[in-house]
Amino acid sequence: MKKIIAFTLCSFASAAAFAALPPLTPEAQAAADLAKAKTAYSGRVGAYQLCQSMNKVADKFRVAGTPAPAACVAPPPFVAPVAAAAAPAPAAK
């Protein structure tokens, strides 16, 4: 009996997981695109900061005569993604 109940619950859970969601509204899509861009930018900033800290540690332990670590490239300032071209407004008559 427990197996049947467990199977039923798992089948309902898997059906809910594969259910189709309605498409996002334009405002929600724009918010999702902005969040995606901010996340990608914060990843680039984090990589830059990591590069700086690794270079600082490498400079402390560098032996004389060895080349300096590669320079870090700073990411450009954050620019919000441009919204998709809006549909032209209907002409007033």
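Computed over heavy atoms, backbone and side chain alike; hydrogens, waters and symmetry mates excluded.
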Asker: Who are the side chain to side chain contact (heavy atoms under 4.5 Å, CB included) partners of Ala70, not counting sequence neighbours?
Answerer: none
Asker: Can you give me the closest heavy-atom contact between Pro76 and Tyr41, atom names plus distance?
Answerer: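 Heavy atoms of Pro76 and Tyr41 come nearest at O-CE1, 2.9 Å.
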Asker: Taking only residues at least two apart or on different chains, which pairs with a member in residues 52-73 satisfy ring pair (Phe, Tyr, Trp, His ring centres under 6.0 Å)?
Answerer: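 Listed once each, the pairs would be none.
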Asker: Just to verify, what does Ala80 make a side chain to side chain contact (heavy atoms under 4.5 Å, CB included) with, not counting sequence neighbours?
Answerer: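 Leu34, Phe78.
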Asker: Which residues end up grouped with Leu24 if you chain together Ile, Leu, Val, Met, Phe, Trp and Tyr wherever their side-chain heavy atoms are less than 4.5 Å apart?
Answerer: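 Once heavy-atom contacts under 4.5 Å are chained together, Leu24 still belongs with nothing else.
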Asker: Which residues satisfy the side chain to side chain contact (heavy atoms under 4.5 Å, CB included) test with Ile4, sequence neighbours excluded?
Answerer: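 Partners of Ile4 under the side chain to side chain contact (heavy atoms under 4.5 Å, CB included) test: Thr8.
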Asker: Mind checking side-chain hydrogen bond (donor to acceptor under 3.5 Å, both in side chains) for Tyr48 and listing every partner two or more places apart, or none if nothing turns up?
Answerer: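 Checked Tyr48 against side-chain hydrogen bond (donor to acceptor under 3.5 Å, both in side chains); matches are Gln52.
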Asker: Listing request: all side chain to side chain donor-acceptor pair (under 3.5 Å) pairs with a residue in residues 31-40, at least two apart in sequence or in separate chains.
Answerer: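 Qualifying pairs, neighbours excluded: Gln29-Asp33.
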Asker: Who passes salt bridge (charged side-chain N to carboxylate O under 4.0 Å, His left out) against Arg44, sequence neighbours left out?
Answerer: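 Counting only residues at least two positions away or on another chain, Arg44 forms no salt bridge (charged side-chain N to carboxylate O under 4.0 Å, His left out).
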Asker: Can you name the closest pair of heavy atoms from Val63 and Thr66 and give their distance?
Answerer: O-OG1, 2.6 Å
Asker: Which pairs with one or both residues in residues 56-66 pass salt bridge (charged side-chain N to carboxylate O under 4.0 Å, His left out), sequence neighbours excluded?
Answerer: Asp59-Arg62
Asker: Which pairs count as disulfide bond (SG atoms under 2.5 Å apart) when at least one residue sits in residues 28-71, sequence neighbours excluded?
Answerer: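 Non-adjacent pairs meeting disulfide bond (SG atoms under 2.5 Å apart): Cys51-Cys72.
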